[in-house]
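What follows is a single structure, written as structure tokens, with notes after it.
Order of the sequence lines sets the chain letters (A, B, ...), proteins ahead of strands, with each chain counted from 1. Keep in mind it's a predicted model, so treat the numbers as computed, not measured. What's counted below: heavy atoms across the whole structure, side chains too, no hydrogens, waters or symmetry copies.
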Protein chains: 2
Amino acid sequence: MAFLAEHHSHPTAAEIFHALNRNGGAPRSSRATTYNNLRDLVQAGLVREVAVEGRAARFDARGMRHHHFICDRCGNVEDLQWFSVPRPGLKSLGNRVLRECELIFRGLCSRCASQRARRQPGKK
Amino acid sequence: MAFLAEHHSHPTAAEIFHALNRNGGAPRSSRATTYNNLRDLVQAGLVREVAVEGRAARFDARGMRHHHFICDRCGNVEDLQWFSVPRPGLKSLGNRVLRECELIFRGLCSRCASQRARRQPGKK
DNA sequence: CACATATTTGGAATAAATCTAAATGCGGCA
DNA sequence: TGCCGCATTTAGATTTATTCCAAATATGTG
Ligand SMILES: [Mn+2]
Ligand SMILES: [Mn+2]
Ligand SMILES: [Zn+2]
Ligand SMILES: [Zn+2]
């Protein structure tokens, strides 16, 4: 939890596991414990899990509300400033019970966008 | 593609594979081909892939624009009527290149909501 | 310390998806 | 029709992410 609170990079479970146990000191957390803790933190609502198609899940300490931008090319997850989102109409919602909504934008992150521009100077 | 166009149930790759090859007739598509075709259809923009945390990806022929509702309990993906979504401000977007946005609502689908209500009659 | 309970752990097991090399299908042409 | 080159499909092995499990360890209480 402390690691997630300090690192806003949306790490995967494997990245968190390696970061916790990297270099010298005594091991801090096994792989199973890392996964167990992440599961529990998500269930408790303290951590958000972001599923990215084809890649490992990424995790995010729920600080200030925000939206996400996911890069088509590198898969990075970046934070976008929060703004409120309209709810679906009651008719369209039926008797579902709404808990939250998640807004994800997709495209090229700034790094991938500039790389792409350099390689294909002709393409608009 | 024909199967996806006719079935709006957001099937997984495995479900599509089994449905295509079910019962008597000659096999229609191997598992590898099913995955290959889905990958190509997604790249071509004809099919949408929905990543659900912890579960297999689900697929959706891109017909009319719509949003998605994902059930916390059973993981089902259901369609919600489309409505337009505000974009992030230019400042917040930086020099990312925006391609599309995806709005996902979460909670309990109507079936799971009524089951839940029956089992916990006291809980509000 | 002695004991009960809770947490952690390494490694095996599962699940989804991808890779690969071989098999099969298909169109054009003699 | 028979042969060839190219494209597609296939079965099975492989990889990757995650969960499961039973044993080991830690922790608290008197
Ligand atoms: Mn975030
Ligand atoms: Mn849909
Ligand atoms: Zn990128
Ligand atoms: Zn449900």
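Rounding to whole angstrom units, CG of residue A:Asn36 and P of C:dT9 are separated by 10 Å. Summarising the geometry, the separation between CG on A:Leu38 and C1' on C:dT7 is reported as 16 Å, rounded to the nearest angstrom. Across the protein-nucleic acid pair, A:Arg31 atom CZ and C:dG11 atom C1' stand 8 Å apart, rounded to whole Å. For the pair A:Arg28 CZ and C:dT9 C1', the computed distance is 16 Å after rounding to whole Å. Rounded to an integer number of Å, the gap from B:His18 NE2 to C:dA17 P is 13 Å.
Think of the region where chain A sits on DNA chain D: with heavy atoms and a 4.0 Å cut, that region ends 5' and 3' at D:dA17 to D:dC20.
The CZ atom of B:Arg65 sits 13.5 Å away from atom CG of B:Asp79, with the distance rounded to the nearest 0.5 Å.
You'll find that the side chain of A:Ala32 is closest to C:dT9, out of C:dT9, C:dA16, C:dT8.
Here A:Ser29 lies in heavy-atom contact (under 4.0 Å) with sugar-phosphate atoms only. Across all strands, A:Arg39 comes closer than 4.0 Å to no nucleic acid atom at all (heavy-atom distances). Residue contacts for A:Ala57: at a heavy-atom cut-off of 4.0 Å it reaches the sugar-phosphate backbone alone, with no base atom in range.
Among the duplex regions that DNA chain C forms, those built from at least three successive Watson-Crick or G-U pairs under 3.5 Å are C:1-30 with D:1-30, ordered by first number.
Partner of A:His68 under the side-chain hydrogen bond (donor to acceptor under 3.5 Å, both in side chains) criterion, out of A:His10, A:Arg106, A:Arg58: A:His10 alone.
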